[in-house]
Amino acid sequence: MTNDKKLKLGLFDFTDCEGCQVELVGLKEKLLALSERVDIVNWRLGQAKAQWEQFDIALIEGTPLTPGEIDLLKIIREKSRLLVGLGTCATLGGIPAILDKEERQQWYNKIYGPEYEGRGVDALPLSAYVKIDFLIHGCPISGNEAARIFSDLINGKKLNYKDYSVCFECKLANLPCRLLEKKPCLGPIAQGACGAICLKGGSACYGCFGIKEGANVGALLTILNKFASEEEIENYFSMFHNKSKLYDHR
Ligand code: SF4
Ligand code: SF4
């Protein structure tokens, strides 16, 4: 039964892989602890019956890719006191934004034949359509970082990001620096809190946690230009930031 003193939360998803919701489910006890303060009144993955009332908080995963999804996003905005983007698809456009209209049509032709007319629009960050109150970045999000932010949100605290970049976590893990080996990496400008998970797995950082406030993108580009081709640099920057403001810095 719904307790009126609890905050009403809706969790919605548009086009994406749902990996960020899986991270939330993985919070287990932490999620249960939050549920003492919050009623999840609309969550397609977690309940059979959804309520469409006013939401104190709406979390949105994914990005709208059809006109109908864009309309739904606007309705959710109208019904929500706070709207929070969950995961890089929602916050930056992310993986769905890698393909532009022309490339998408090429794939439609290849998969469905030349007669097929796609309804999809370019993947854009949610902020292209509605006002967003906070962004929880990551592809996927970090469950622990999301739990920290939810806790602050529920307790009415000012929301903030960790005050360090991915390099800090990479150095804490005592990993060798890719830049010194003349391999690209966006760690110096990327917002930290992911635990440098990609670096630990032997990959570069592509900045899925967003760009740290005040990051010196130009300085990183100066370093990258010394050993990487323009195309290679573009590939790194466009993995998650094809439609984010960062792309304008290049
Ligand atoms: S941000 Fe990544 S993990 Fe999350 S829904 Fe999008 S593609 Fe999936
Ligand atoms: S640039 Fe990349 S590899 Fe080097 S310290 Fe930063 S995150 Fe680690």
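Residue numbers start at 1 and run along the sequence shown. Read the numbers this way: they start at 1 and go in the same order the structure lists the ligands and their atoms. Computed over heavy atoms, backbone and side chain alike; hydrogens, waters and symmetry mates excluded.
Ionic pairing of K8 and D39 is not present here: no N-O contact between side-chain nitrogen and carboxylate oxygen is shorter than 4.0 angstrom.
In terms of protein heavy-atom proximity, atom 2 (Fe) of ligand 2 is nearest to C185 SG, 2.3 Å. In terms of protein heavy atoms, atom 8 (Fe) of ligand 1 is closest to C17 SG, 2.3 Å. Atom 1 (S) of ligand 1 has T88 N, 3.2 Å as its closest protein atom, hydrogens excluded (heavy atom only). In this structure, atom 7 (S) of ligand 1 lies nearest to the protein heavy atom C89 SG, 3.4 Å.
The closest approach between L175 and ligand 2 stays at or above 4.0 Å for every heavy atom of the residue. Residue contacts with ligand 2: C205 is excluded, as none of its non-hydrogen atoms falls under 4.0 Å.
The distance from ligand 2 to the heavy atoms of L179 drops below 4.0 Å at these ligand atoms: 1 (S). Remark: ligand 1 atoms within the under-4.0 Å shell around heavy atoms of C20 are 1 (S), 3 (S), 4 (Fe). Those atoms of ligand 2 that come under 4.0 Å of a heavy atom in R178, given as number and element, are 3 (S), 4 (Fe). Near E18, the atoms of ligand 1 lying under 4.0 angstrom from a non-hydrogen atom of the residue are 5 (S). Set against the non-hydrogen atoms of P140, the atoms of ligand 1 under 4.0 Å away are 3 (S). Each of the atoms 5 (S) of ligand 1 lies under 4.0 Å from some heavy atom of D16. Annotation for ligand 1: atoms under 4.0 Å from non-hydrogen atoms of G138 are 1 (S). Close approach to K171 involves these atoms of ligand 2, each under 4.0 Å from a residue heavy atom: 5 (S). Shown in contact with P188 at under 4.0 Å from a heavy atom are these atoms of ligand 2, numbered in order with element: 1 (S).
Here OG of S165 is found 12.0 Å from CG of N216. Values are rounded to the nearest 0.5 Å. Interatomic distance, L175 CG to C167 SG, rounded to the nearest 0.5 Å: 11.0 Å.
In summary, of the residues considered (I141, T91, L153, T88), a side chain to side chain contact (heavy atoms under 4.5 Å, CB included) with I136 occurs for I141 alone.
Proximity of the aromatic rings of F134 and Y161 is defined here by a centroid distance below 6.0 angstrom, and this criterion is met. Taking the six-membered ring for Trp and the full ring otherwise, F55 and F12 have centroids separated by under 6.0 Å.
At a heavy-atom distance under 4.0 Å, only side-chain atoms of L199, from C-beta outward, approach ligand 2.
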Exercise. Between K30 and N144, is a side chain to side chain donor-acceptor pair (under 3.5 Å) present by the stated rule, with each step listed?
Worked result: CA-CA 9 Å; K30 284 185 185 171; N144 286 333; 2.7 Å; yes
Exercise. Which is it for I60 and L11 under the side-chain contact (heavy atoms from CB on, under 4.5 Å) test, yes or no, and what are the steps along the way?
Worked result: CA-CA 6 Å; I60 312 247; L11 212 171; over 6 Å; no
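Not a single donor-acceptor pair under 3.5 Å links the side chain of Q105 to the backbone N or O of K101.
Summarising the contacts of atom 6 (Fe) of ligand 2 with C167, G187, A204, S165, the nearest heavy atom is found in C167.
Y206 and Y236 have parallel rings, their planes meeting at less than 30° on a 0 to 90° scale where 60° marks the start of perpendicular.
Criterion: ILVMFWY side-chain heavy atoms under 4.5 Å apart, direct or through other members. Under it, V25 and V84 are part of a common hydrophobic cluster.
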